[in-house]
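Take a look at the structure below.
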Amino acid sequence: MGLLEFLPVIASAHTFSHTDLMENLLSGAHIRLEPLTHRHVEALAAAAANEPSLYQWSPVPQDKAQAEDYVSTAVAWRDAGTAVAYAIVDINNDTVIGSSRFFHIERWSWPQGHARHGRAHPDACEIGYTWFARSAIRTGANTEAKLLMLTHAFESWQVFRVCFHTDARNQRSQAALERIGAKFEGILRSHRMAADFIPRDSFRYSIVSAEWPAVRDRLIKLLNRRS
């Protein structure tokens with residue numbers, strides 16, 4: 001599969017309204033990211049079923065009731081304008097294989113007269129709450145999801161920074177972020193409640209807009225290796 005076949009097709013939006021969030025479908029060569037709604041509850045629960053060992057460091061719904069709560073929280077954050085959550089769908093069989101989201105969406109207080117004053121799009125955000133079913137691990141789905149989301153953040157929203165936080169114990173996640181070119185910024189101590197309900201230390205990574213072209217090329221090359 002050639003380089004250009006991995007370029008994502010993203011539905012753009014002119015404003016960051018509730019309607020735009022619902023219509024914001026991100027489509028790639030092998031997966032698509034659908035705005036997460038309650039129609040995804042059963043499929044999310046099925047994707048994560050019977051695999052607790054995969055999700056040691058991530059909050060992942062393990063049954064339908066937990067999936068209902070998971071989606072309700074995501075929808076509430078979306079309605080508040082602070083997050084955009086997705087169901088990740090395998091295009092080949094139309095099966096939900098995981099989830100991810102933009103959150104901690106920041107809109108900076110640009111002064112009147114500044115070119116970015118009154119912008120509806122974010123200035124910075126975080127990507128997280130990312131998990132995949134076992135069937136999707138080591139398939140390139142995570143790489144393609146990152147390509148789709150980062151392309152949307154940097155090229156549609158035109159953010160200055162995307163950051164990531166991972167549990168200090170999650171070496172696999174840290175290696176994945178470093179592999180795509182995210183920069184390690186430091187350790188935040190007792191930063192968040194961990195999936196095992198202790199105050200966790202977080203490794204913080206980021207990608208800034210000046211670094212995005214090199215990161216994008218790296219992501220495409222990683223995907224091409226799997227073709």
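Note: hydrogens, waters and symmetry copies are ignored here, and every other heavy atom, side chains too, is used. Bear in mind the structure is a predicted one, so any value in this text is a computation, not a measurement.
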Among Val89, Asn142, Ile97, Thr139, which residue satisfies the side-chain contact (heavy atoms from CB on, under 4.5 Å) criterion with Ile31? Ile97

Is His40 reaching over with its side chain to a backbone N or O of Thr37, donor-acceptor style, under 3.5 angstrom? yes

Do the side chains of Leu219 and Phe184 join up, straight or via other hydrophobic residues, at under 4.5 Å, putting them in one cluster? yes

Side-chain cluster (under 4.5 Å, hydrophobic types only) that Trp110 belongs to, other residues: Trp108, Phe160

Pro122 backbone acceptor or donor facing Arg119 side chain under 3.5 Å: yes

For Leu223 and Thr143, run side-chain contact (heavy atoms from CB on, under 4.5 Å): C-alpha distance rounded to whole Å, both residues' side-chain angles, the deciding distance at 0.1 Å, then the answer. CA-CA 7 Å; Leu223 285 170; Thr143 303; 3.8 Å; yes

Does one hydrophobic cluster hold both Val60 and Val75, with members joined at side-chain heavy-atom distances below 4.5 Å? yes

Counting the benzene-type ring for Trp, do Tyr129 and Trp77 have ring centres under 6.0 Å apart? yes

Might you work through the side chain to side chain donor-acceptor pair (under 3.5 Å) test for Arg200 and Ser202, ending with a clear yes or no? CA-CA 6 Å; Arg200 81 175 203 193; Ser202 294; 2.8 Å; yes

Given Tyr86, Tyr55, Trp57, the one that forms ring-ring contact (aromatic ring centres under 6.0 Å, His included) with Trp131: Tyr55

Looking at side-chain heavy atoms only, is the closest gap between Asn170 and Phe203 below 4.5 Å? no

To check you understand the geometry: which heavy-atom pair defines the closest contact between Arg107 and His121, and what is its length? CG-O, 4.2 Å

Student check: side-chain heavy atoms of Ile88 and Ser100 closer than 4.5 Å: yes

Taking Arg161 first and then Glu106, would you say they form a salt bridge - that is, a charged N and a carboxylate O separated by under 4.0 Å? yes

Rounded to the nearest 0.5 Å, what separates atom OG in Ser156 from atom CG in Asn24? 7.5 Å

Charged N to carboxylate O under 4.0 angstrom, Glu178 versus Lys183? no

Distance, nearest 0.5 Å, that separates CG of Leu44 from CG of Asp63: 12.0 Å

Considering all heavy atoms of both residues, which atom of Ala48 and which atom of Pro61 are nearest to each other, and what is their separation? CB-O, 3.2 Å

Is the shortest side-chain heavy-atom distance between Phe154 and Val215 below 4.5 Å? no

Through direct or indirect side-chain contacts below 4.5 angstrom among Ile, Leu, Val, Met, Phe, Trp and Tyr, which residues connect to Met193? Phe197

In the structure I gave you, are the side-chain heavy atoms of Cys125 and Trp157 within less than 4.5 Å of one another anywhere? yes

What's the shortest heavy-atom distance between Arg179 and Arg218, and which atoms? O-CD, 2.8 Å

Starting from Ile91, can I reach Leu33 by hopping between I/L/V/M/F/W/Y residues whose side chains sit under 4.5 Å apart? no

Please lay out, stage by stage, how Phe102 and Ile105 fare under the test side-chain contact (heavy atoms from CB on, under 4.5 Å). CA-CA 7 Å; Phe102 296 110; Ile105 290 174; 4.3 Å; yes

Decide yes or no for Glu34 and Arg39: does some side-chain heavy atom of the first lie under 4.5 Å from some side-chain heavy atom of the second? yes

Does the Glu211 side chain pair with the main chain of Val208, one donor and one acceptor, at a distance under 3.5 Å? yes

Side-chain heavy atoms of His104 within contact of Thr82, under 4.5 Å: no

As an exercise, state the distance from CZ of Arg225 to CD1 of Ile220, rounded to the nearest 0.5 Å. 13.0 Å

Could you please spell out the steps behind the salt bridge (Lys or Arg N to Asp or Glu O under 4.0 Å) verdict for Arg101 and Glu126? CA-CA 8 Å; Arg101 71 184 68 173; Glu126 182 169 350; over 6 Å; no

Any pair counted as ring pair (Phe, Tyr, Trp, His ring centres under 6.0 Å), so long as it reaches residues 162-182, sequence neighbours left out: His165-His191

Any heavy-atom pair between the side chains of Lys64 and Val41 that's under 4.5 Å? yes

Working note: Asp167 + Ser173, criterion side-chain contact (heavy atoms from CB on, under 4.5 Å); need CA distance, chi angles, decisive distance, verdict. CA-CA 8 Å; Asp167 192 306; Ser173 179; over 6 Å; no

Salt-bridge test for Arg32 and Asp94: reply yes if a basic N is under 4.0 Å from a carboxylate O, no otherwise. yes

Run the salt-bridge test on Arg192 and Asp201 with the 4.0 Å N-O cut-off and return the result as yes or no. no

Passes salt bridge (Lys or Arg N to Asp or Glu O under 4.0 Å), Asp196 versus Arg169? Steps please. CA-CA 12 Å; Asp196 53 354; Arg169 300 166 292 178; 2.9 Å; yes

Checking Asp123 against Arg116 for the side-chain contact (heavy atoms from CB on, under 4.5 Å) test, could you report, in this order, the C-alpha distance in whole Å, the side-chain angles of both residues, the deciding distance, and whether it holds? CA-CA 9 Å; Asp123 295 294; Arg116 292 179 74 98; 2.9 Å; yes

Residues Ile207 and Ala182: closest non-hydrogen pair is CG1-CA, 3.8 Å

At their closest point, which heavy atom of Pro111 faces which heavy atom of His117, and how far apart are they? O-CB, 3.2 Å

Any donor-acceptor pair under 3.5 Å linking the side-chain atoms of Glu185 with those of Ser206? yes

Do Leu150 and Arg216 have side chains that get closer than 4.5 Å, going by heavy atoms? no

Testing the basics here: between Ser58 and Thr130, what is the closest heavy-atom pair and its distance to 0.1 Å? OG-O, 4.3 Å

